[in-house]
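The structure appears below as structure tokens.
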Amino acid sequence: MKQYLKNTWYGIWTVLIGMKITFKHLFTPAVTIQYPDVKVPLPERVRNRLYVNIDDCIGCDQCSRACPVNCIEIETVKSLPGENLGTTSNGKKKALWVTKFNIDIAKCCYCQLCVPPCPTECIYMTDVYEFSEFERDNLVYKFANLTEEEAVEKKSNYEKFQAEKEASRQVGAAASAKPETPVKTQQENKNE
Amino acid sequence: MALKTETMILNMGPQHPSTHGVLRLELELDGELIVNVKPHIGYLHRCFEKHAEAMSYPQVIPYTDRMDYLASMYNNFGYVIAVEKLLGIQVPERVEYIRVIMGELQRIASHLVAIGTNGLDIGAFTPFLYLFRDREKILSLFEMTCGARLLYNYMWVGGLSHDIHPDFVRLTKEFINYFRPTITELNNLLTFNKIFIERTANIGVLPLDTAINYGVTGPSLRGSGLAFDIRKEDTYSIYDRFDFEIPVGQGLVGTVGDSWDRYYVRILEMEQSLRIIEQAIDQIPDGDVKAAIPKRIKPPKGTVYTRVENPRGELGYFIISDGNLNPFRVKVRAPSFVNLEVFGELCKGHLVADVIAILGSIDIVLGEVDR
Amino acid sequence: MKNPEEIFELLKKEFPEAILGIDKEAPTEPIILIDPPQIKTISLFLRDNPELRFDSLMVLSGVDDANGTKVKDEDGTDVISGGTLSVYYHLHSVYLKHKITLKVSTPRGNPQVESVYNVWRTSDWHEREAFDMYGIIFLNHPDLRRILMPYDWNAGYPLRKDYKNPEFYQGMKVPY
Amino acid sequence: MYQFLFNLSGSEIIATIFTAAVILVFILLFVLFAVWFERKVSAHMQDRLGPMRVGWHGVLQTIADFVKMLQKEDIIATEADRKLYTIAPVLVFTGSFAAYAAIPFSSKLLGSEVEVGIFYLLAVSSFVVAGILMAGWSSNNKYSLLGAMRSAAQIVSYEIPTALVVLSIVMLTGTLSLEKISQLQTAYFWNWNIFGGPEFSLAKFLLIPFMFVGFLIIYISTLAEVNRTPFDIPEAESELVAGYFTEYCGMKWAMFMLSEYANMFAVSAIVTILFFGGYQSPFGYLGNSIGAEWLVPFEQAFWFIAKGIFFVFVQMWLRWTLPRLRVDQLMTVCWKYLIPYAFLNLIIVGFISLL
């Protein structure tokens, strides 16, 4: 009987305590933010969309190798001895034409493993987080600044150069020169 | 004359509001009484272990994030400790302190979700949102430190991805001061609410010997009354330097080892975590946050099994290295996976409504169960 | 509290045949090698001996040792034949606070290990997982089904080193 | 109002239809308001904002939702019992709608002056059970079935404490008519039944605590009758997905919601009438003091609706504070706690009113 009354009392009392708390919260300001109108300031280290400053990229493929989900796709073509590709902002000399630098941001897992290996600090994460698309293909970001024709040209230039070199090397040797296989980076093979 | 009756099979999940993900429970019901429970898992299976074999050691870390996505920091912690043990390297003091602070903050954040969803399953919506509000504050601390809110990839082999932010210490202290009173409020609102007690006390009682035999760890084991905490038992990192207690279930309102005890242990544990953070935050030494490790991590041949006290229990990494860049085998002892095994045992003889109360109290994360 | 060497000596004395040796080469912890059919007896001994009291199984992990010979299949993929699959048992005593690792190796062609289901119930799902991932048959396990993979997955055991993805699963293309 | 319309038009049919239409409009408006109100109350209790986009602080949100609901495809599961499935929501709504017929919104504004009003209300509100059972059964879904069974057990059980408390009021007032009960508690708030009724005597003071207990009991049990938290086990979201209306969508689902909110007001109205003076103003009427007699019924309607909405607010308040009970505990609360207390209360009130 005592337990019975105690249960009743306890039941009512704890409900009242709870009601007091929720009533108090009725008048505390809300923490919700009206999102598209109001935005939370992001901290400086925030990890969102990747960006590549292609002018600084030397095509070393380090970021691509660090990526755990293979979302970075890089193709490079060696430059000819005469060509000057300029230097990066921290003074490294470029030696490769970056014919393809694609980041499939849909695959990206925002782990930031690609950022530290970059020798020229040209790949980094920005604070842009609203980049949804209706087409999945639009999420493949192409950073290479060579046009397609240029890329093809560079490639054929290099192949020609290579063939010439090969030819000159084999001039005295066996007459049957092997047909030249197109140069492909390791990355390309992996992604096929 | 006895009536001929049949049991009814009720499929709970894989899409159900309170199976905490894609767990499918095949309930055999007699009216509303549970005759048998058969959990079916694997709906979220990504084969982390196969992935890990194809990745280099640092690349595995983002994948560990995605196992127990509510305690990513701790998953990183366990993994990096294992690899460091394999490599035989010592990380700087500063790193250890920051790791411990992050780990404990993560423990609080994870327990907040556990407690909140446990309440939510039982029907209390409001505490859940209060707790999520507080969790946001912790996530903001993490975001400030490493830039991500949920999947941090923060602890790296031999160090951390970033040093802490200059404001971190101040904001963490502010958080501690803010958070203490909210625990009291939570206790008043939910923990000692008569209805909540009725729903959880004496429900899903897990006796200690069963718990040990089933390998249950973490708050679920402590709820059964055994002060077993790997932070003290098999101490790792620098946990031996801090003064904290291991809360155990005492059967305050019911039997030792019931759902309420498991729930309450989490609340007490949050307070202990606050204590650890308070002790650690003032002692962070200066220094570098990266140990001198080779650029390409290539541990020697060998095996290692390390375990850490994840918010859900014993998180173990069993790594076999064959001396290559990629681990030969990574086996994860996922606490939720093991804790879920005992679930069928706990539910027998209870009602449908108790199933979710028990499930909430053992606190599983399906990302970890299925890996 | 005993260290692994002492436990090994104790076991060696008790089960001279079943204990195959101790691998102290492992950099972190020694591993005791055990004959697969005997694992249950030894487990029971380890659990019930008052000096050992290994009352909890921390983790049971299957491993593909990949120590067989690689042969080319007819369609040009590598298939491992021969060699062993192993199961590691990490034990722990809650009360006496010591740990030990056991290992059994079983031939890849016909991998069979005695189940420890009745010793530590933890092993229930772990054994199912090892079966699911490596195809190791645990004898006397009451409910040895696939656990993580679909029940009707018939393309092999995913964690074996020579596993390759099937083209189709129930009419769905597997590599997306 | 029926009388007024009857005199105006001279036709029973027109009077009935118009009365019904007015009440229906009231219900619809109330539901539009209540859904928004519930969302706002819950949001602010949880430190959120709730709907903010449609109109000022989202007042038009419910209308937007209603439009959305209208556009939804009406899906009937192939294995469902189509006839029952279609009838069930209508039946549920009919039950709660019919209850409004006897509720006196003011001395002039009431659907029908039923002499046994309170009896009618109790009877008709349990009509809902039939609809719920029908919905649960016809959906051919195990969750729905469980929900329906729970609901039936719950509503039937909680009729008893309600009836017992109603009895104590009937004993005190000596009438079953809701209109008369309201009239008796006239003038100032200390004449309300919760404060022991209009007669000024020793009995009045003795009655106050017991009336208060009676109020608590009837409030709790009506809460259970309308399936609100902590008694929302028939639709327990985290257990049974949505209980008996799991399979419903679109307008049929909206009908269930409509009847749920309509019921919330109906039971609040019962509590108001029985204990809080019905449509009576707590401080006298403005219309009387300025000599505008015609204003009085409107004031009364205002007070009635205000009181009703206050109790609806308390229902919401409870909902967003408490966890829910388990099905057996629900029965325990009813049979082991509420009924004995209600019974005891009835006896004591009976004795006191004899004094």
With a 3.5 Å distance limit and no angle check, can you tell me whether Glu185(B) reaches the backbone of Ile21(A) through a side-chain donor-acceptor pair? no
My understanding is that only one of Val15(A), Thr8(A), Asn7(A) makes a side chain to side chain contact (heavy atoms under 4.5 Å, CB included) with Lys194(B); could you say which? Asn7(A)
Please report the shortest heavy-atom distance between His165(B) and Arg45(A), naming the atom on each side. N-NH1, 3.7 Å
Heavy-atom closest contact (Tyr10(A) atom, Phe192(B) atom, distance): OH-O, 3.4 Å
Looking at Arg47(A) and Leu151(B), what are the two nearest heavy atoms and their distance? NH2-O, 3.3 Å
Return the CD1 to CG distance between Ile17(A) and Asn193(B), rounded to the nearest 0.5 Å. 9.0 Å
Between Tyr130(B) and chain A, which part of the residue has a heavy atom less than 4.5 Å away: side chain, backbone, both or neither? side chain
Donor-acceptor under 3.5 Å (Gln112(A) side chain, Ala148(B) main chain): no
Go through it in stages, so that I can follow the logic: the residues are Val31(A) and Phe132(B), the test is side chain to side chain contact (heavy atoms under 4.5 Å, CB included), and I'd like the CA-CA distance, side-chain angles, deciding distance and then a yes or no. CA-CA 11 Å; Val31(A) 291; Phe132(B) 259 63; over 6 Å; no
Under 4.5 Å from any heavy atom of chain A, what part of Ser56(B) do you find: side chain, backbone, both or neither? neither
Distance col, row Cys109(A):SG vs Asn153(B):CG, nearest 0.5 angstrom, shows 7.5 Å
Gap separating the CG atom of Asn188(B) from the NZ atom of Lys20(A), nearest 0.5 angstrom: 7.5 Å
Closest-packed option against chain A by number of heavy-atom pairs under 4.5 Å, given Asp65(B), Thr145(B), Ile61(B): Thr145(B)
What are the two closest heavy atoms between Leu113(A) and Trp156(B), and how far apart are they? CD2-CZ2, 3.8 Å
Quick one: does any side-chain atom of Gln59(B) pair with a main-chain N or O of Cys67(A) as donor and acceptor, under 3.5 Å? yes
Okay, side chain of Tyr63(B), backbone of Pro68(A): is any donor-acceptor separation there less than 3.5 Å? yes
Taking everything shown except Gln34(A) itself, do over 12 heavy atoms lie less than 6.0 Å from its CD? yes
